Student: 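This is the structure, below, for whatever I ask next.
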Amino acid sequence: MNQIEPNSFRAGPDEDGRFGLFGGRFVAETLMPLILDLEEAWKTAQGDPAFKAELDGLNSHYTGRPSPLYFAERLTEELGGAKIYFKRDELNHTGSHKINNCLGQILLARKMGKTRIIAETGAGQHGVATATVCARFGLPCVVYMGATDVERQAPNVFRMKLLGAEVIPVTAGHGTLKDAMNEALRDWVTNVESTYYLIGTAAGPHPYPELVREFQSVIGKEAKEQILAIEGRLPDMLVAAVGGGSNAIGLFHPFLDDKDVAIVGVEAGGKGLDGEEHCASLTAGSPGVLHGNRTYLLQDGDGQIKEGHSISAGLDYPGIGPEHSYLKDTGRVEYVPIMDEEALKAFQMLTRTEGIIPALEPSHALAEVIKRAPTMGKDQIIVMNLCGRGDKDVHTVAKHLGMNL
Amino acid sequence: MTTRIEARFSRLKDDNRPALVTFVMAGDPDHETALDIVKALPAAGADVIELGMPFSDPMADGPAIQKAGLRALKAGASLNKTLALVSEFRQVDDTTPIILMGYFNPIYIYGVEAFVADALKVGVDGLIVVDLPPEMDSELCLPALNAGLNFIRLATPTTDDKRLPTVLQNTSGFVYYVSITGITGSAAPDAGKVAAAVDRIKRHTDLPVCVGFGVRTAEQAAEIGRNADGVVVGSALVAAIESSLETGGGTAAVSAVTKIVSDMAAGVRSVSLAKA
Ligand SMILES: Cc1ncc(COP(=O)(O)O)c(C=O)c1O
């Protein structure tokens, strides 16, 4: 079942870290030797049964995997079309899919003998997950977070601090995820000997997009087994939100060669694609080079990167993992934008119909499901990645609903 | 064909002293002032000019150069205008080498082929592109070399003997040794370690080796220049431009820069290269 076919969509990246035109290793020379070391460590780990056993053990006993595949009966009824299933990674320890990647990478960092961990974070979910695994393994942790995000994700900032991490607010640019990533890269260049950069999404220089995808693919592998067990067949459609693209590629990757499964990635349309306030790099951007890889970016005619906007801090990134750029250009995955307002409505609908408070990121995926399900037959199946819980977002949502907490 | 860079280093070898390489950002604080600054650099003692190409996300730069790039972009800088600046400079100076330094994306968006052709046409001599390691040579390095531009690579403290040949392979003009693991404008490098690193690189190449990152005083320039073919100063100059803006910029910015450059030029001129 895991055999790669000749025309597989799952063959990338190649030796140079490319997914077609996209990916690569666009980094400063100071980092290059380290990135080659990381690639070695990653290759070794992939062939090492002990590494896999340790990660599997942590996934089940620390994170609580496998996460359930849940049939959303009331929502399905309400929408009156396709059967809707949620892959419930929001039930993971720390509240999102981010922990899957952090556990894998911290084991790599340990193998490489690194003694200090740095990370960037947008919504704070990756920061929390990183601070968590650092606490678990007793390593010092520094998290870079845009100053705007520090403000709108205050509960997660406090969580990181409780876990012993140092949170450094970044005021450069608009103070969001892209700026935090620049600052993390600057720290890494400065402390390259001791420090492991634990990237939070399936982007950055090779081998990060590949290894993050592999650590997140546990989502899609489980979902495939679970849907086969429950329904006896594969779903008709997968839907996931894309910020940098890690939860989405984690769900999608094991299904890429299943041609009858339609796949939809949902970007943050912010306040609409006509203006500047959105983060739809695939729908409205163009290929460029940033943060170590070539990928679709929001940029101007001079190659200057634009700031994105989304109500959801986790989607507020003007780039996207390179594999998604490849999947867009090959047409294997369809990418669509969802606006802030639509995500807010979806957030409330799920809360009321299923008793689940989702994060604002998967609320974008849900808004797309709400559009699609009614147009599909009752015998059809959608699997959506419910990749995070909404505790961190209650303040933001309250503000938008005109309430004061 | 001898490039301006090769001609300049060969003359400095005859003079038996290291080069002063100066970095300023194109379009900082605005196009006209930046042009005046660049025009004033050779007379103040700059042997080679590095001109920053402003980029919104300068991942390898410290606060001083980050701010310089943002000032320039705010004032309307673009890659087109950077090339125009070089063209205007070339009307008054046809010998001082000009190297464009920055990040790949603006060049990629301009179009590599068009950029290389236009850069040559306006009188650019070399390129330093921070986020293009040797693994990415087909992107810009090879087209630039084939067209006759120098491609100057950064070697760093993490570039060990095993990797040096890879880094040096398609490097021309000179080698830029980054004296610290870090971003521009960081702490001063340890002169002893730098000397050892320069010697190590010279065992692998005949190209001149210039040292930069963290050099800000005439004394440092002299000390590091004793063992290198050139010393690069950047953050100190753009920080001086920033301070000059409080007193109105313009000619104040020009004289703030030329004052530091003259000091440092005296520093490198106080050195005669130890080696033959
Ligand atoms: C719950 C949740 N979903 C999605 C994302 C977006 O990241 P990615 O696209 O890598 O899954 C984030 C990022 O913080 C998140 O917290």
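Here the structure is a predicted model, which is why all the values come from computation and not from measurement. Order of the sequence lines sets the chain letters (A, B, ...), proteins ahead of strands, with each chain counted from 1.
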Student: Of all heavy-atom pairs between B:V178 and B:F213, which one has the smallest distance, and what is that distance?
Tutor: CG1-CD2, 3.4 Å

Student: Do B:R163 and A:E29 meet the salt-bridge criterion of a basic N to acidic O distance under 4.0 Å?
Tutor: yes

Student: Students often mix this up, so state it plainly: with edges at 30° and 60°, are the rings of A:Y326 and A:F19 parallel, tilted or perpendicular?
Tutor: tilted

Student: Could you tell me which portion of B:P157 (side chain, backbone, both or neither) has an atom closer than 4.5 angstrom to a non-hydrogen atom of chain A?
Tutor: neither

Student: Please identify, among A:L185, A:N182, A:D300, A:D187, the residue contributing the most non-hydrogen atom pairs under 4.5 Å to chain B.
Tutor: A:N182

Student: With chain B as the partner, which of A:L290, A:L297, A:L34, A:D16 has the greatest number of non-hydrogen pairs under 4.5 Å?
Tutor: A:L290

Student: Identify which part of B:F55 has an atom lying under 4.5 Å from any heavy atom of chain A, answering side chain, backbone, both or neither.
Tutor: both

Student: Let's test your reading of the structure: which of A:M181, A:K306, A:E307, A:H291 forms the most heavy-atom pairs below 4.5 Å with chain B?
Tutor: A:H291

Student: Could you tell me which portion of B:M59 (side chain, backbone, both or neither) has an atom closer than 4.5 angstrom to a non-hydrogen atom of chain A?
Tutor: both

Student: So which part of B:D61 gets closer than 4.5 Å to some heavy atom of chain A, the side chain, the backbone, both or neither?
Tutor: backbone

Student: Measuring heavy-atom distances to chain A, does B:V129 have an atom under 4.5 Å in its side chain, in its backbone, in both, or in neither?
Tutor: neither

Student: Please answer whether the main-chain N or O of A:G24 pairs with a side-chain N or O of A:N293 as donor and acceptor at a distance below 3.5 Å.
Tutor: no

Student: What residue in A:N191, A:V192, A:V189 has the most heavy-atom pairs under 4.5 Å with chain B?
Tutor: A:V189

Student: Does A:F22 have its ring centroid less than 6.0 Å away from the ring centroid of A:Y296?
Tutor: yes

Student: Is a salt bridge present between A:K98 and A:E120, judged by a nitrogen-to-oxygen distance below 4.0 Å?
Tutor: no

Student: Is there a salt bridge (charged side-chain N to carboxylate O under 4.0 Å, His left out) between A:R18 and B:E135 once you walk through the steps?
Tutor: CA-CA 12 Å; A:R18 308 248 188 193; B:E135 282 74 5; over 6 Å; no

Student: Checking heavy atoms, do the side chain of A:P205, its backbone, both or neither come under 4.5 Å from chain B?
Tutor: neither

Student: Report the option among B:I180, B:V130, B:T159, B:T156 that has the most heavy-atom pairs separated by less than 4.5 Å from atoms of chain A.
Tutor: B:T156

Student: Looking at B:G62, B:P134, B:P58, which makes the most heavy-atom pairs under 4.5 Å with chain A?
Tutor: B:P58

Student: Measure A:L36 against the heavy atoms of chain B and call it side chain, backbone, both or neither at under 4.5 Å.
Tutor: side chain

Student: Non-hydrogen atoms of chain A under 4.5 Å away: do they reach the side chain of B:L73, the backbone, both or neither?
Tutor: side chain

Student: With distance as the sole test, does A:S281 use its side chain to make a donor-acceptor pair with the main-chain N or O of A:G319 at under 3.5 Å?
Tutor: yes

Student: Which is it for B:K202 and B:D229 under the salt bridge (charged side-chain N to carboxylate O under 4.0 Å, His left out) test, yes or no, and what are the steps along the way?
Tutor: CA-CA 10 Å; B:K202 284 186 163 287; B:D229 302 295; 2.7 Å; yes

